Q: 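Attaching a single structure in structure tokens format; questions to follow.
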Amino acid sequence: MQLRFFLRALTFLYILPFISHAQISNRYGTIVDIGSRSGIPYVSIGIKGKALGTVADSTGKFKLLLDNTVAPSDSVIFMRVGYHTLGKTISELKDSPWAITMEASSVLLNEVSIKASKQTIETYGRTPASIYLTPKAYMRVPRTSDVSGLEQATILDINNQILLKEVDFLLIRNNFANLKYRINLYSVKNDLPDKIIPTKDIIFETSETRGWKKIDLEDYNIVLKNYKKVAVSVQLLDAKLKDDDVNKTLLLVPSYPSPFKKSFFREKSESEWTPLKNTFLYINFQAYKLKD
């Protein structure tokens, strides 16, 4: 009896360091505008180079989960269109709560007044079809993190100057009751999404979480000029599972099988983009081709 108790105690002492090593810690905080002191909604938060991060809520509050891979020297990046990107090391931020201030930036994509008659509407990207793929690579997101920040992207060839009219994309196979998304536009470098193109935030929310979604972009007045390629992405900001389901549905936009295309995904805003060959994401936008 004593030997059995001793062996159990020894086993517990042996595995205790591994349990402690794998522990997860939470960091809480609020992000505010340095001038108005009001909360900044939907700021992307990520650990540079790691699949860890989140997105602040509509009031600027957030909870960030950190695991044993995070070092004091790692940088936390706070990014939102319309604000200067902010980077802080874990050691600088120290313990919760984190009080983060961000400064507004005046750098936005130039809005133009379109006085001339609009040209014929053209479609760029993957239009509806009866075949789709959901690559297994989408299932690799760490369970230690939340779903906020998950992002899928596709690269589109475009004309020299276009005015965006709408963006469409397909959602399938998910168990969410409500979804909130952001549409991001990126320049392209080395065949990967690169720097975000500064526009007004394109955010929408829906309780109809399957089927084709259409977002009207006319009021955003977004003109893309001197881009031969752009990357368009769908980024998950928040999600509510049906009936308190504990299973996580991950990325939701399927792909069309294509030998000449690639789609991309990343777990968080500061993790690396993962290319998926032979896949053409079901995202497209309609646009007016403008005269130079």
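Since this is a predicted model, take the numbers as computed values, not measurements.
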Q: Any sub-3.5 Å donor-acceptor pair from N284's side-chain atoms to R126's backbone N or O?
A: yes

Q: Ignoring hydrogens and angles, tell me if any N or O in the side chain of T206 forms a donor-acceptor pair with the backbone of E208 under 3.5 Å.
A: yes

Q: Please state whether the rings of Y282 and W212 are parallel, tilted or perpendicular, taking 30° and 60° as the class boundaries.
A: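 It falls in the perpendicular class, over 60°.
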
Q: Give a yes or no on whether I40 and Y28 share a hydrophobic cluster (residues Ile, Leu, Val, Met, Phe, Trp, Tyr; joining criterion: side-chain heavy atoms under 4.5 Å apart).
A: no

Q: Output all residues satisfying ring pair (Phe, Tyr, Trp, His ring centres under 6.0 Å) with Y186, sequence neighbours left out; order by chain, then residue number.
A: W273

Q: Measure from the side-chain N and O atoms of K213 to the backbone N and O of R210, and report whether any donor-acceptor pair falls under 3.5 Å.
A: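 Here the side-chain-to-backbone pair exists.
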
Q: For the side chain of S271 and the backbone of G49, is there at least one donor-acceptor N/O pair under 3.5 Å apart?
A: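 No: the side chain of S271 does not pair with the backbone of G49.
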
Q: Has D33 got a side-chain atom pairing as donor or acceptor with R37's backbone, closer than 3.5 angstrom?
A: no

Q: Please determine, by modelled atom types, if Y220 and E218 share a side-chain donor-acceptor pair under 3.5 angstrom.
A: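 On atom types as modelled, these side chains do not qualify, holding no pair under 3.5 Å.
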
Q: Hydrophobic side-chain clustering at under 4.5 Å (ILVMFWY, transitive links): who's grouped with V55? Put none if nobody.
A: Y42, I203, L237

Q: Are the side chain of T30 and the backbone N or O of A99 linked by a donor-acceptor pair below 3.5 Å?
A: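 Here the side-chain-to-backbone pair does not exist.
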
Q: Name the one of E151, R182, E270 that satisfies side chain to side chain donor-acceptor pair (under 3.5 Å) with S44?
A: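 With S44 as partner, E151, R182, E270 yield a single side chain to side chain donor-acceptor pair (under 3.5 Å), made by R182.
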
Q: Taking the side chain as every heavy atom from C-beta outward, state whether L185 and I222 have any atom pair closer than 4.5 Å.
A: yes

Q: Kindly say whether P41 contributes a backbone atom to a donor-acceptor pair with the side chain of R80 at under 3.5 angstrom?
A: yes

Q: Establish whether I131 and F260 are linked, either directly or via other cluster members, by ILVMFWY side-chain heavy-atom contacts under 4.5 Å.
A: no

Q: Do L150 and I77 land in one hydrophobic cluster if side-chain heavy atoms of ILVMFWY residues count as linked below 4.5 Å?
A: no

Q: Where the side chain of T279 meets the backbone of S263, is there a donor-acceptor pair that is under 3.5 Å apart?
A: yes

Q: Taking the side chain from K50 and the backbone from K268, do they hold a donor-acceptor pair closer than 3.5 Å?
A: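 Not a single qualifying donor-acceptor pair exists.
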
Q: Give a yes or no on whether the backbone of F265 and the side-chain of Q152 come within a donor-acceptor separation of less than 3.5 Å.
A: no

Q: Do L93 and V70 land in one hydrophobic cluster if side-chain heavy atoms of ILVMFWY residues count as linked below 4.5 Å?
A: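 Hydrophobic grouping puts L93 with V70.
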
